[in-house]
Amino acid sequence: MSVRMVCAAGVGGLPARIRRLELGPVALSGTSYPPSPPSPVPDAPPPPSPAPRARYEAAAARQSGEQSYHLTLLTADGRSGASGAGDLLVDSPHAFDLWCFGVGRPAREELRIADLGVDLPASLLPVPPHRLRGLLGRRLSGREGTGALLAEFLRALDREAAALGPAEASSLGTVVVDLVAVWIARELATGTALSQEARQLAVVEGIREFIRHNLHDPDLTPPVIAAAHHISVSHLHRLFTRYSHGETVAAFIRGRRLRKAHRDLADPALRALPIHSVAARCGLPRASEFGRAFKAAYGLTPREHRHRSLSG
């Protein structure tokens, strides 16, 4: 799966970096642009041209002509005193202007603002458009509950974009739609309007996120995971296998641990850390079992992989 990278300059010379990932009917885009100092007058409208701005039009809306929505996750906010990173904003993406004030001097890289955007057709959401009007343009928290789950999933998609194949990307687009649907329903307090499948998928995604955050724990087992989510072990296995293309909970844990070990062994910052310590950090304390599993997965021993990665 290729990720399209664009360096854009909007009206007035706004420098921006944009990348876009197609996920079936859904599109994920990442944008980075300079911050703007606060307006001297609270809630004042943008100044007239030539203040720098970028014009945004959703590709999904332009190409299909059907109604669609744009969800924005603010991932980094460089503005002084702002604390919006992690917030979610949903809007109708027919077109809108992104204004950037006072860009007369080069912005420092650490002060750039970054966000992730999702474009999705309205027809995929199980909530009628008139119910969404109250959410449009509102800034909603992505730091707890389903909002935090959705935000973390979007960040993970962005991190792993280059490694996704077309079939994977299309399937993950469906996951995005279901998570957005659950999140919106939570905000509208209409959880009963969601299908059982959408609710179950949200539970499974929560389980995956729980596993990712606890990979270091060698005692991370299906009973522990089931207890943390207040479901039985048998229900955990049925749900997870159904929504993971047949992959079991144990296989998912093992695969994620090996992937993390593979990445950490290639990290120059960890070159002084013994291989058995890298494995233990990934929840794999038995060196012999780790070595066999690693070679079976990657065709190299952990030592060979580290040597090739760091010497190259």
Side-chain angles (χ1 to χ4, degrees), residues 1-7 15-21 23 28-35 73-78 85-86 106-116 142 148 151-166 168-169 172 208-220 247 250-312:
M1 170 60 60
S2 61
V3 184
R4 286 188 283 166
M5 303 292 294
V6 180
C7 289
R17 290 197 296 269
I18 305 169
R19 59 194 179 279
R20 186 174 177 84
L21 173 66
L23 301 165
L28 176 71
S29 58
T31 309
S32 175
Y33 48 91
L73 168 66
L74 186 61
T75 56
D77 195 334
R108 300 199 307 273
E109 184 66 23
E110 65 270 19
L111 290 182
R112 293 184 73 84
I113 299 171
D115 64 57
L116 293 173
E152 183 55 37
F153 185 70
L154 295 180
R155 292 188 185 98
L157 269 182
D158 188 50
R159 288 193 303 268
E160 302 292 336
L164 298 178
E168 288 178 300
L172 290 170
R208 291 193 188 106
E209 193 56 36
F210 178 83
I211 291 171
R212 293 186 192 104
H213 282 290
N214 292 278
L215 285 177
H216 63 280
D217 184 358
D219 295 325
L220 182 66
E247 185 179 36
F252 180 81
I253 295 172
R254 182 172 59 253
R256 287 288 168 172
R257 282 173 167 164
L258 289 173
R259 182 184 298 184
K260 175 171 170 52
H262 186 271
R263 185 171 58 247
D264 287 354
L265 287 169
D267 187 348
L270 300 176
R271 84 166 53 236
L273 194 66
I275 290 176
H276 66 85
S277 297
V278 172
R281 281 163 42 107
C282 301
L284 298 163
R286 297 180 179 85
S288 58
E289 292 181 10
F290 167 63
R292 288 194 297 269
F294 191 94
K295 187 167 185 179
Y298 297 106
L300 296 170
T301 67
R303 188 175 303 279
E304 290 169 340
H305 167 63
R306 170 176 265 185
H307 177 72
R308 288 193 185 186
S309 300
L310 298 182
S311 62

Open item on the list: Please identify which of these residues, His307, His262, Lys295, Arg308, meets the side-chain contact (heavy atoms from CB on, under 4.5 Å) condition with Leu300.
Closed with: Arg308
Closest non-hydrogen atom pair between [X] and [Y], with its separation:
{"X": "Ala297", "Y": "Leu258", "result": "CB-CD1, 4.1 Å"}
{"X": "Arg271", "Y": "Arg306", "result": "O-NH1, 3.5 Å"}
{"X": "Leu116", "Y": "Gly30", "result": "CD2-CA, 3.9 Å"}

Measuring from atom [atom1] of [X] to atom [atom2] of [Y], what distance do you get when rounded to the nearest 0.5 angstrom?
{"X": "Arg281", "Y": "Lys260", "atom1": "CZ", "atom2": "NZ", "answer": "5.0 Å"}
{"X": "Arg263", "Y": "Leu270", "atom1": "CZ", "atom2": "CG", "answer": "10.5 Å"}
{"X": "Leu265", "Y": "Thr301", "atom1": "CG", "atom2": "OG1", "answer": "9.5 Å"}
{"X": "Leu164", "Y": "Leu21", "atom1": "CG", "atom2": "CG", "answer": "6.5 Å"}
{"X": "Phe153", "Y": "Leu28", "atom1": "CZ", "atom2": "CG", "answer": "9.5 Å"}
{"X": "Phe210", "Y": "Leu215", "atom1": "CZ", "atom2": "CG", "answer": "10.5 Å"}

TODO: Evaluate whether atom CZ of Arg303 has more than 12 neighbouring non-hydrogen atoms of other residues, nucleotides or ligands under 6.0 angstrom away.
DONE: no
So do [Y] and [X] actually touch side chain to side chain, heavy atoms under 4.5 Å?
{"X": "Val278", "Y": "Asp267", "value": "no"}
{"X": "Phe294", "Y": "Leu284", "value": "no"}
{"X": "Leu172", "Y": "Glu160", "value": "no"}
{"X": "Phe252", "Y": "Arg256", "value": "yes"}

- [ ] Begin with the C-alpha distance, continue with both residues' side-chain angles, and end with the deciding distance and a verdict on side chain to side chain contact (heavy atoms under 4.5 Å, CB included) for Leu273 and Asp264.
- [x] CA-CA 10 Å; Leu273 194 66; Asp264 287 354; over 6 Å; no
Open item on the list: Check the orientation of His305 and Tyr298. Use parallel for under 30°, tilted for 30 to 60°, and perpendicular for over 60°.
Closed with: parallel
Open item on the list: Please determine whether a side-chain nitrogen of the Lys or Arg among Arg254 and Glu247 lies less than 4.0 Å from a carboxylate oxygen of the Asp or Glu.
Closed with: no
